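Down below is the structure, laid out as C-alpha cells.
FYI, the numbering just counts along the sequence from 1. This is a predicted model, so every value here is computed, not measured.
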Amino acid sequence: MTDAPDTNDGGLLTGFRESLVPRVGTRNNLTGVALVLHLAFPGRTSGWRDEAAGEGRQTAVDLLFSLLADFLDKRDLPGGTAVIFDGYLTWLKAQSWHHP
C-alpha cells in the first residue's frame with residue numbers, strides 16, 4: 001500500500017482521494033494511502049503505517065479493496081466522477097477553515 005500510485009494523475013483512480021476525504025471528515029492534507037489507513041484504524045492518531053505493516057495488514061488490505069470497489073461503482077455511474085468531486089467540494093466548503 002505504501003507504493004500506491006498518486007490518485008490524481010488522470011488515470012483510473014482520479015477522484016479516489018476526494019471520495020475518501022469526506023469519509024474521514026477531518027483531514028484534507030493526507031494522501032489516498034494515509035486516508036485508507038486512517039479509516040482502517042480509526043482509533044489511532046499516529047502509527048497507521050506501523051499497524052498496516054504488522055497485525056493490521058489484512059484489515060487495511062480488505063478495507064482498501066472495499067473502498068476501491070465502492071469508488072469504482074460510483075465513478076462508473078453516469079456523471080460519477082463529477083458527483084464524487086461535487087461531494088468533496090461540498091464537504092470542503094462546509095469546513096470552517098476553508099476560505100477560497
Please tell me if the side chains of [X] and [Y] come closer than 4.5 Å, counting only heavy atoms from C-beta onward.
| X | Y | result |
| --- | --- | --- |
| Asn28 | Gln95 | no |
| Phe16 | Leu35 | no |
| Leu77 | Asp73 | no |
| Leu20 | Phe71 | no |
| Tyr88 | Arg17 | yes |
| Leu92 | Trp97 | yes |

Of all residues at least two apart in sequence or in a different chain, which pass the side-chain hydrogen bond (donor to acceptor under 3.5 Å, both in side chains) check with Asp70?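 In terms of side-chain hydrogen bond (donor to acceptor under 3.5 Å, both in side chains), with neighbours along the sequence ignored, Asp70 is linked to Arg23, Lys74.
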side-chain hydrogen bond (donor to acceptor under 3.5 Å, both in side chains) partners of Glu55, counting only residues at least two apart: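 Counting only residues at least two positions away or on another chain, Glu55 forms no side-chain hydrogen bond (donor to acceptor under 3.5 Å, both in side chains).
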How close do His38 and Thr26 get, heavy atom to heavy atom, and via which atoms?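 Of all heavy-atom pairs spanning His38 and Thr26, the closest is NE2-OG1, 4.5 Å.
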Heavy-atom pair with the smallest gap, counting every atom of Gly87 and Pro22: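 Result for this residue pair: O-CG, 4.2 Å.
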Sub-3.5 Å donor-acceptor pair from the side chain of Thr90 to the main-chain atoms of Asp86, do we have one?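 Judged by distance alone, yes, a pair lies under 3.5 Å.
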From CZ (Phe41) to CG (Leu63), nearest 0.5 Å: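 Phe41 CZ to Leu63 CG: 8.5 Å, rounded to 0.5 Å.
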List the steps, then state whether side-chain contact (heavy atoms from CB on, under 4.5 Å) holds for Arg75 with Leu12. CA-CA 10 Å; Arg75 193 212 54 196; Leu12 177 67; 3.2 Å; yes
Connected via hydrophobic side-chain network under 4.5 Å: Val83 and Leu13: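 As far as the 4.5 Å side-chain criterion goes, Leu13 and Val83 are not connected within one cluster.
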